[in-house]
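Read through the structure below, which is laid out as structure tokens, and then see the notes.
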Amino acid sequence: MSSQSRSRLPCQGSLNMVATISVFAFAVFILSYGFAAPSPSGVPKFVEISGSKTPPLDVFQVQAPLRKSYDGTSCQQVIVQHNFGASYGTPFVGIYSPPKDCEFTTTIFNLSVTSAGINYDRLGLLFFGDLEVWRTTTAMPVRTGIFWNFLKDMTVWDTLLRSEHKVIMELDNLDDSVFTGAYNVTITALYYNDHVAMTPADRIYPISSQSSSKNQSSVLSLPDQNATASYILPKNMERAVVSILASGNGAEEFWYKHVPTEYVNTFSTAIRPYSPFREVQLLIDEQLAGVSWPFPIVFTGGISPGLWLPIVGIDTYDVPSFEIDITPFLPALCDGNPHKFELKVVGYDSRTTFGTTAENWYVTASIFAWLDKESTQTRGSLIESSTLPPNFHLTPQIITSSGTNMSLYLELTAHRTLSHTSTLITSSGLRFVTWIQSLSYINTQNYTAPGFNDTLFQHTSGTSTFSPTSQLAAPITNSFSYPLSAFIANNPATDPIATNSSIYASLDRSLVSTSIPILSYLTSPSTYHTPVVLDTKQNGSCIYFWNDTYYESAGAIDPAKGTIGATEQWYSFTGPVTGGGIEGYGRHVKAVDGYEPTLVLDESYSEAIVVPATHNYVKAEL
Ligand SMILES: *[C@@H]1O[C@H](CO)[C@@H](O)[C@H](O)[C@H]1NC(C)=O
Ligand SMILES: *[C@@H]1O[C@H](CO)[C@@H](O)[C@H](O)[C@H]1NC(C)=O
Ligand SMILES: *[C@@H]1O[C@H](CO)[C@@H](O)[C@H](O)[C@H]1NC(C)=O
Ligand SMILES: *[C@@H]1O[C@H](CO)[C@@H](O)[C@H](O)[C@H]1NC(C)=O
Ligand SMILES: *[C@@H]1O[C@H](CO)[C@@H](O)[C@H](O)[C@H]1NC(C)=O
Ligand SMILES: *[C@@H]1O[C@H](CO)[C@@H](O)[C@H](O)[C@H]1NC(C)=O
Ligand SMILES: *[C@@H]1O[C@H](CO)[C@@H](O)[C@H](O)[C@H]1NC(C)=O
Ligand SMILES: *[C@@H]1O[C@H](CO)[C@@H](O)[C@H](O)[C@H]1NC(C)=O
Ligand SMILES: *[C@@H]1O[C@H](CO)[C@@H](O)[C@H](O)[C@H]1NC(C)=O
Ligand SMILES: *[C@@H]1O[C@H](CO)[C@@H](O)[C@H](O)[C@H]1NC(C)=O
């Protein structure tokens, strides 16, 4: 493992500058366009908007219920209760003890947070020992107060939940005269007995900095650190899956609007480098086992903070993990020798295909292993492996007027397939095990107004195929599609104290997937034998004003035009529900942004609903 100590987590929006200069969530845009950050001189005086007693705002992430009813717990217990004020470098440290005299199969964690004041959106990392079990991010508070509750099914961690562990939650935050919003976090474990057969992983191994003994979180930051771990694994494994958490934060929060490095100086305003392509890689003994082309998550300070009150972005409270079935590697991994696991995050480089990224990709992973209890030695052999690099294609077009670059159009496409197939001999006989990925990517951007406006369309889609538990059943294929359109117009003030800066943003993006989540399927096979079908779209637009004596994250309003921003979301779900059965769920919500964000539409359905498709803003522009 890397011995280098991890630098502190910055807020997601701006890198390592929180403590000294930046006051504005928008610093992120100012930075990404290369303007100077707000003046460090003097502490801004914030203006109280109203003295009225407004009740705290419920800032929610749209999510399908995890079960038919949350009543009837076998038992429950609080596992984290901590007010994160000035918390840089001082995570919450506690002890998790499994519940006594409590029969349970399903475990759900209930995260509940309150905050009031001013602050950035922050990253929250929950560890059991050296294993990261939940990565969340916060909403941005308002002075009159916010709260949210979010439920996450933790059943895949069943093995961990039945023994004692150190619980470490890192949520690095500032609490001073400017950043007044502390995050008061409570996590309650809810245990249910659904009387279903469970086959949880027998062992779980971290790929992390393994810092729990020092009372620190074990997150690793790429590219500054190495994310490697070496293990001698049990010789009788019959299944192994790696679950990866990776998020671009700090200078990488908006990786999808970066440009290939050779174009960063197209305008007098700098654009960020290393391309808008990112691949998270898992290597086993230097060989590429699988990859993730990540979902472009938008945190609550992202694109425009006004878009995310009171409806936060998709996956904000539960940063998604990506699962890679490494069972085809078991013939090698069961040999009793040490094996090296490594996580990497790469961008596209037109000279070398893959290149580095900026800071900070926060990564960890967990290796889930199932043992063959009837045998002491798994055998088999790798029969096919294909890991050809993606074929990238870059189409640039610069429009120049009198020697000045006026617009920069870039289209980057990529496609890759990857596969590993082995025979595996366990106590139940011989079978073929396979892991196949097929991925497609397109990113088109048009930077105009020279460099101040950006029209963006990105679409990542793909499939992953893995072997079922039954020898006879056909392989299972999961699919996903992540289209994202955005138009962002940055209008910085020349005198940021005397006049307002503004940002106009319009966004339309979706997450569409049909999948049998591998870990849930292996843990609770009788429940997760049918796919989870999810289709959700968020779109909206707002204009956001600020000056150097003013800051209020709820202020997404254009008083000049008399218009207000709005965010709308459709959400459609069908899938298995713990305890048995298939459930459908639909929701359509719309909020107007402004000083008093309000839900103007909130419809729920007990079935899947029709979700409109995301528009391609770049095509529309043509
Ligand atoms: C989660 O916690 C919040 C805050 O305590 C509570 O209001 C809510 O009912 C809890 N949800 C469940 C399912 O227990
Ligand atoms: C944080 O929340 C807990 C649980 O609701 C409460 O008991 C405690 O007083 C709160 N702490 C602060 C500082 O508000
Ligand atoms: C870790 O935290 C626990 C609980 O607060 C404390 O008892 C222990 O001394 C700490 N260990 C280290 C190495 O700081
Ligand atoms: C990462 O690994 C490389 C190659 O082994 C090594 O040269 C480098 O010093 C390591 N970096 C850190 C931060 O440990
Ligand atoms: C125009 O853009 C190209 C490509 O980024 C760059 O090399 C060149 O220096 C730019 N020209 C001016 C005048 O900025
Ligand atoms: C940039 O966007 C703003 C806001 O939509 C618009 O008013 C302006 O005309 C755009 N500039 C160019 C050159 O497209
Ligand atoms: C800055 O914004 C605040 C809050 O809206 C406002 O009261 C103040 O007049 C603004 N300053 C300028 C110079 O516009
Ligand atoms: C700056 O923006 C604030 C907040 O929208 C607004 O109240 C104020 O009038 C604006 N100032 C100017 C000079 O436009
Ligand atoms: C979202 O997109 C739909 C079309 O798919 C459009 O009718 C609607 O007005 C948009 N909502 C917002 C808030 O922009
Ligand atoms: C990019 O924007 C410029 C300026 O609006 C426009 O002339 C050009 O056609 C656009 N390029 C593409 C490929 O859409």
Side-chain angles (χ1 to χ4, degrees), residues 5 29 33 62 79-82 89-97 127 129-130 164-170 210-218 267 269 303-304 306-311 313 399 401 404-409 445-456 483-492 500-510 512 535-545 556 558 560-561 563-572 588-594 597-602 609-618 620-622:
S5 73
F29 289 102
Y33 285 89
V62 176
I79 58 165
V80 175
Q81 192 341 269
H82 190 69
T90 50
F92 163 84
V93 181
I95 297 290
Y96 171 86
S97 299
F127 284 82
D130 297 325
E164 190 168 292
H165 297 279
K166 200 180 261 189
V167 177
I168 297 179
M169 183 163 190
E170 177 172 18
Q210 305 193 25
S211 305
S212 66
S213 61
K214 291 176 272 175
N215 284 353
Q216 293 296 323
S217 98
S218 296
F267 308 111
T269 63
I303 308 281
S304 169
L307 289 168
W308 311 121
L309 275 172
I311 307 170
I399 298 176
S401 170
T404 305
N405 293 329
M406 298 306 291
S407 71
L408 168 65
Y409 174 86
Q445 294 190 75
N446 202 359
Y447 274 95
T448 58
F452 291 97
N453 293 5
D454 182 20
T455 311
L456 161 75
L484 167 76
S485 280
F487 172 72
I488 301 163
N490 199 43
N491 189 8
N500 281 333
S501 298
S502 75
I503 185 157
Y504 171 80
S506 175
L507 177 85
D508 184 353
R509 51 96 184 253
S510 302
V512 183
D535 186 354
T536 184
K537 146 161 157 147
Q538 280 184 322
N539 64 314
S541 53
C542 77
I543 186 158
Y544 208 96
F545 292 94
D558 182 356
K561 289 191 190 137
T563 56
I564 49 179
T567 301
E568 190 163 3
Q569 182 170 6
W570 286 263
Y571 184 99
S572 174
H588 181 197
V589 282
K590 185 175 175 183
V592 292
D593 310 316
T598 325
L599 275 186
V600 292
L601 177 83
D602 188 354
I609 60 167
V610 174
V611 176
T614 279
H615 298 271
N616 179 337
Y617 284 5
V618 177
E621 187 189 61
L622 280 170

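Heavy-atom basis, side chains included; hydrogens, waters and symmetry copies ignored. Note that ligands are numbered from 1 as they come in the structure, with each ligand's atoms numbered from 1 the same way.
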Strictly distance-based, threshold 3.5 Å: is any side-chain N or O of [X] a donor or acceptor partner for the main-chain N or O of [Y]?
| X | Y | value |
| --- | --- | --- |
| K537 | A613 | yes |
| T567 | G540 | no |
| S572 | V610 | no |

**Q.** Set of residues that line ligand 3, where lining means a heavy atom lies under 4.0 Å from it
**A.** V93, S213, N215
Q.
Quick check on side-chain contact (heavy atoms from CB on, under 4.5 Å): which of I311, L484, V62 does Q538 satisfy it with?
A. I311
Q: Please check if any side-chain donor atom of Q569 sits under 3.5 Å from a side-chain acceptor atom of T536, or the reverse.
A: yes
(Q) Between S212 and D130, do the side chains contain a donor N or O and an acceptor N or O under 3.5 Å apart? (A) yes
(Q) Out of all atoms in ligand 6, which are within 4.0 Å of some heavy atom of A449? Include the element for each. (A) 11 (N), 12 (C), 13 (C)
Q: Could you list the atoms of ligand 6 found under 4.0 angstrom from a heavy atom of A489?
A: 2 (O), 3 (C), 4 (C)
Q | Sequence-distant partners of K590, salt bridge (Lys or Arg N to Asp or Glu O under 4.0 Å), two or more places apart | A | none
(Q) Please list, in number order, the atoms of ligand 9 under 4.0 Å from a heavy atom of P612. (A) 5 (O)
Q: Give the numbers and elements of all ligand 9 atoms closer than 4.0 Å to a heavy atom of H615.
A: 4 (C), 5 (O)
Q) How are the rings of H588 and W570 set to each other: parallel, tilted or perpendicular (split at 30° and 60°)? A) parallel
Would [X] count as a polar contact of ligand 9, with the cut-off being nitrogen or oxygen pairs under 3.5 Å?
| X | result |
| --- | --- |
| E568 | yes |
| W570 | no |
| K590 | no |

(Q) Quick check on F487 - does any of its heavy atoms sit under 4.0 Å from an atom of ligand 6? (A) yes
Q) Mind checking whether Y504 has an N or O less than 3.5 Å away from an N or O of ligand 6? A) no
(Q) Pair Q445, L408 - check side chain to side chain contact (heavy atoms under 4.5 Å, CB included), show working. (A) CA-CA 8 Å; Q445 294 190 75; L408 168 65; over 6 Å; no
Q) From I543 CD1 over to S506 OG, what is the distance, rounded to the nearest 0.5 angstrom? A) 12.0 Å
